[in-house]
> 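Got a structure for you, written out below as structure tokens; questions coming shortly.
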Amino acid sequence: MNLSSRKTMWKVAALSVAVLTAVTACGSGDSGEGGGGEGGKTTITFAYWGSDARQKLTEQVIAKFEEKNPTIDVEGDFSNWDSYYEKLATKVAANDAPDVLSIEIRGLSEYAGRGALADLAGKVPTADLDQQVLASGQVDGKQYAIPTGVNAFSMVANTAALEKAKKELPKDTDWTWDQWMALAQEISGAGGVTGAEYNFNPAFLQIYAAQRGEKFYDGNKIGVSPDTLKSWWAIHQKLIETKGSPDAAKSAEIGATGPEQSLLGTNAGAMGMWWSNQLNALTKSSGSEMTLLRMPKLEGATTGGMFLQPAMFYAASAKSEHSAEGAKLIDFLVNDPDAAAILLSDRGLPTNTKVLDAVKTKLPETDQKTLAFIDEVRSELSPIQVPPKGALEMEDILKRNSEEVMFGRATPDAAAQKFLTEANAAIAG
């Protein structure tokens with residue numbers, strides 16, 4: 001996620017009073033009656049973000065839902081990632097929230113805590129969903145969100161690029177950060193492609209901190225120490241110094257794009273860190289074979305630090321006048337094999353075991369790889385935790401302070417203190 005997208009999230013705090021006021025004043029509309037659509041049909045809105053490819057898949061799945069539910073029209077409200085939460089916060093504050101919306105785990109506490117989301121317990125069938133994953137959609141004991149699927153933040157390698165550099169895929173069960181950096185340097189030195197692209201996704205820091213025995217969030221404060229931040233930034237700095245990655249300016253430019261424009265997605269890089277459900281987009285955009293790998297470890301680390309996480313959630317507005325129809329749409333998206341056959345792993349691999357079994361043989365090769373990888377590493381992954389309010393601001397804060405270090409505008413010591421001050425203030429509020 002890029003800098004501009006994170007800046008928009010500062011507006012959530014400014015809008016929070018308006019959100020709470022609007023929710024309290026209008027209450028929750030439970031009636032599924034009424035129209036709003038043509039010919040007596042009920043019209044509901046479904047907000048989501050993503051790439052052009054996701055938009056096409058979503059339009060297909062909406063059409064299938066409408067075919068099975070001819071009395072309901074669904075209006076897709078699509079946004080790119082940069083503008084999604086700004087648009088959503090504005091609509092919620094204006095009492096114009098979409099009936100069904102997509103939300104990521106970092107935004108769940110924020111929106112649930114403001115009373116903007118409906119409790120979906122008993123409204124959407126969940127018996128066949130992975131119950132541990134389902135619990136990640138709960139805040140204060142209420143089921144505010146239903147997971148779309150699961151993924152893991154992983155290393156992705158372009159096998160053709162490695163072969164071109166005459167390098168073999170590493171044994172990812174025990175490789176270290178030093179080995180990864182050395183391999184990136186060697187690949188870049190061979191010419192043709194860049195060894196690695198780095199990023200400042202908080203998931204990367206969370207994994208690295210866990211390897212050092214620290215939590216990213218420790219209750220309502222940041223559990224990452226200044227020493228861990230400095231050690232983490234040293235990896236990025238060494239990659240730049242050894243030319244294992246592009247310089248700070250080029251990396252910042254690449255970091256403002258999605259998987260399709262990344263080094264991996266354009267066949268200009270050999271390794272990068274992405275969510276496992278993005279393997280499909282990387283493969284399609286590059287036309288090359290990609291492989292998922294475990295993240296490297298610190299020497300002597302007792303845990304790999306990787307964790308299972310919902311790719312995103314489906315939630316419903318607490319004020320929707322068509323909550324029954326919205327619940328039907330969410331039910332279809334997570335529990336119907338026809339929906340899964342269209343979406344495949346775009347929003348993570350299905351957590352409904354029956355649905356996954358029904359579509360498993362239909363999954364294309366890339367999705368089969370993702371499924372096999374998740375199955376392989378599942379026992380090593382840490383449990384899912386819902387971050388506190390303010391977590392939506394975290395990537396912007398982390399990226400901004402990280403780039404200060406990479407561009408030489410701040411010392412690691414000063415940037416670490418500034419990050420911790422800003423991050424703790426964000427989640428304390």
> After noting the C-alpha distance and the side-chain angles of His236 and Met406, does the key distance pass the side-chain contact (heavy atoms from CB on, under 4.5 Å) rule?
CA-CA 8 Å; His236 299 76; Met406 296 309 114; 3.6 Å; yes
> Within the side chain of Ser188, is there an N or O that forms a donor-acceptor pair under 3.5 Å with the backbone of Gln185?
no
> Do Leu356 and Thr353 touch side chain to side chain, with heavy atoms closer than 4.5 Å?
no
> When the ring centroid of Phe204 is compared with that of Phe153, is the distance short of 6.0 Å?
no
> side-chain contact (heavy atoms from CB on, under 4.5 Å), that's the test. Do Glu197 and Leu264 meet it? Break it down for me.
CA-CA 8 Å; Glu197 54 187 326; Leu264 277 176; 3.7 Å; yes
> Short question: side chain of Thr370, backbone of Thr366 - any donor-acceptor pair under 3.5 Å?
yes
> Name the orientation class of the two ring planes belonging to Phe65 and Phe332 (parallel below 30°, tilted from 30 to 60°, perpendicular beyond 60°).
tilted
> Hey, does Lys369 have a side-chain heavy atom less than 4.5 Å from the side chain of Glu289?
yes
> Has Glu422 got a side-chain atom pairing as donor or acceptor with Phe419's backbone, closer than 3.5 angstrom?
no
> Given 3.5 Å as the limit, does a donor-acceptor pair link the side chain of Gln131 with the main chain of Thr126, or not?
yes
> Please step through side-chain contact (heavy atoms from CB on, under 4.5 Å) for the pair Glu75 and Ile44, ending with a clear verdict.
CA-CA 6 Å; Glu75 291 184 353; Ile44 60 174; over 6 Å; no
> Given 3.5 Å as the limit, does a donor-acceptor pair link the side chain of Ser345 with the main chain of Asp367, or not?
no
> Considering non-hydrogen atoms only, spot the tightest contact between Ala112 and Tyr144 and give its length.
CB-CD1, 3.6 Å
> Judged by atom type as modelled, is there a donor-acceptor pair below 3.5 Å linking the side chain of Ser154 to the main-chain atoms of Ala152?
yes
> Testing the basics here: between Gln138 and Leu108, what is the closest heavy-atom pair and its distance to 0.1 Å?
N-CD2, 4.5 Å
> I'd like to check the side-chain contact (heavy atoms from CB on, under 4.5 Å) partners of Asp140; sequence neighbours left out, ordered by chain and number.
none
> Kindly indicate whether the side chain of Leu292, heavy atoms from C-beta on, has any atom under 4.5 Å from the side chain of Met155.
no
> Working note: Leu88 + Tyr111, criterion side-chain contact (heavy atoms from CB on, under 4.5 Å); need CA distance, chi angles, decisive distance, verdict.
CA-CA 10 Å; Leu88 180 62; Tyr111 279 85; 4.0 Å; yes
> Among Asp331, Asn335, Leu329, find the residue that satisfies the side-chain contact (heavy atoms from CB on, under 4.5 Å) test when tested with Leu333.
Leu329
> What closest approach, in Å, do Leu344 and Pro350 show between heavy atoms, and which atom pair accounts for it?
O-CD, 4.2 Å
> I'd like to know if Asp336 and Lys64 make a salt bridge, using a cut-off of under 4.0 Å between side-chain N and carboxylate O.
no
> Hey, are Asp338 and Lys68 close enough for a salt bridge, meaning a charged N less than 4.0 Å from a carboxylate O?
yes
> To the nearest 0.5 angstrom, please state how far the CG atom of Leu129 sits from the CG atom of Leu134.
5.5 Å
> May I ask you to say whether Arg106 pairs ionically with Glu393, meaning some side-chain N is under 4.0 Å from a carboxylate O?
no
> Kindly say whether Ile222 contributes a backbone atom to a donor-acceptor pair with the side chain of Asn424 at under 3.5 angstrom?
yes
> Would you say that Ile384 contacts Ile105 through its side chain, given a criterion of any heavy-atom pair below 4.5 Å between the two side chains?
yes
> Between Asn158 and Asn267, is the side-chain hydrogen bond (donor to acceptor under 3.5 Å, both in side chains) condition met? List the steps.
CA-CA 8 Å; Asn158 183 325; Asn267 285 308; 3.2 Å; yes
> What I'd like to find out is whether the side chain of Asn280 reaches to under 4.5 Å of the side chain of Asp346, using heavy atoms alone.
no
> Are the charged groups of Glu253 and Lys250 less than 4.0 angstrom apart, N to O?
yes
> Would you call Asp227 and Lys230 a salt bridge, taking side-chain N to carboxylate O under 4.0 Å as the test?
yes
> Thinking salt bridges, do Arg294 and Asp172 make one under a 4.0 Å N-O criterion?
yes
> Between Lys360 and Asp357, is there a side-chain N and carboxylate O pair less than 4.0 Å apart?
yes
> If you define the side chain from C-beta out and look only at heavy atoms, does anything of Ile240 sit under 4.5 Å from Pro246?
no
> Do you know the tightest heavy-atom contact between Trp180 and Ile235?
CZ3-CG2, 4.0 Å
> Determine whether the side chains of Thr228 and Glu214 contain a donor N or O and an acceptor N or O closer than 3.5 Å.
yes
> Does Tyr84 reach the main-chain N or O of Ser102 with its side chain, forming a donor-acceptor pair under 3.5 Å?
yes
> Should the pair Trp49 and Tyr85 be assigned to parallel (<30°), tilted (30 to 60°) or perpendicular (>60°) ring geometry?
tilted
> Under the side-chain hydrogen bond (donor to acceptor under 3.5 Å, both in side chains) rule, what do Trp233 and Ser402 come out as? Steps first, then yes or no, please.
CA-CA 7 Å; Trp233 282 327; Ser402 296; 2.8 Å; yes
> Kindly say whether Arg347 contributes a backbone atom to a donor-acceptor pair with the side chain of Thr148 at under 3.5 angstrom?
yes
> Are Tyr208 and Ser231 close enough that a side-chain donor and a side-chain acceptor fall under 3.5 Å?
yes
> Are any of the side-chain nitrogens in Lys284 or Glu260 under 4.0 Å away from the carboxylate oxygens of its partner?
no
> Give me the atom names and distance for the closest heavy-atom approach of Asn220 to Pro388.
OD1-CB, 3.4 Å
> So, do Pro170 and Gln179 sit near enough that their side-chain heavy atoms are less than 4.5 Å apart?
no
> Which pair of heavy atoms, one from Leu263 and one from Ala196, lies closest together, and at what distance?
CD1-O, 4.2 Å
> Testing Val156, Thr283, Leu162, Leu169 for side-chain contact (heavy atoms from CB on, under 4.5 Å) with Thr291, which one passes?
Leu169
> Tyr48 versus Thr58: any side-chain heavy-atom pair under 4.5 Å?
yes
> Under 3.5 Å, is there a donor on one side chain and an acceptor on the other for Gln211 and Trp177?
yes
> Is any NZ, NE, NH1 or NH2 atom of the basic residue among Arg409 and Glu404 found under 4.0 Å from an Asp or Glu carboxylate oxygen of the other?
yes
> Determine yes or no for a side-chain-to-main-chain donor-acceptor pair under 3.5 angstrom, with Asn80 supplying the side chain and Ser83 the backbone.
yes
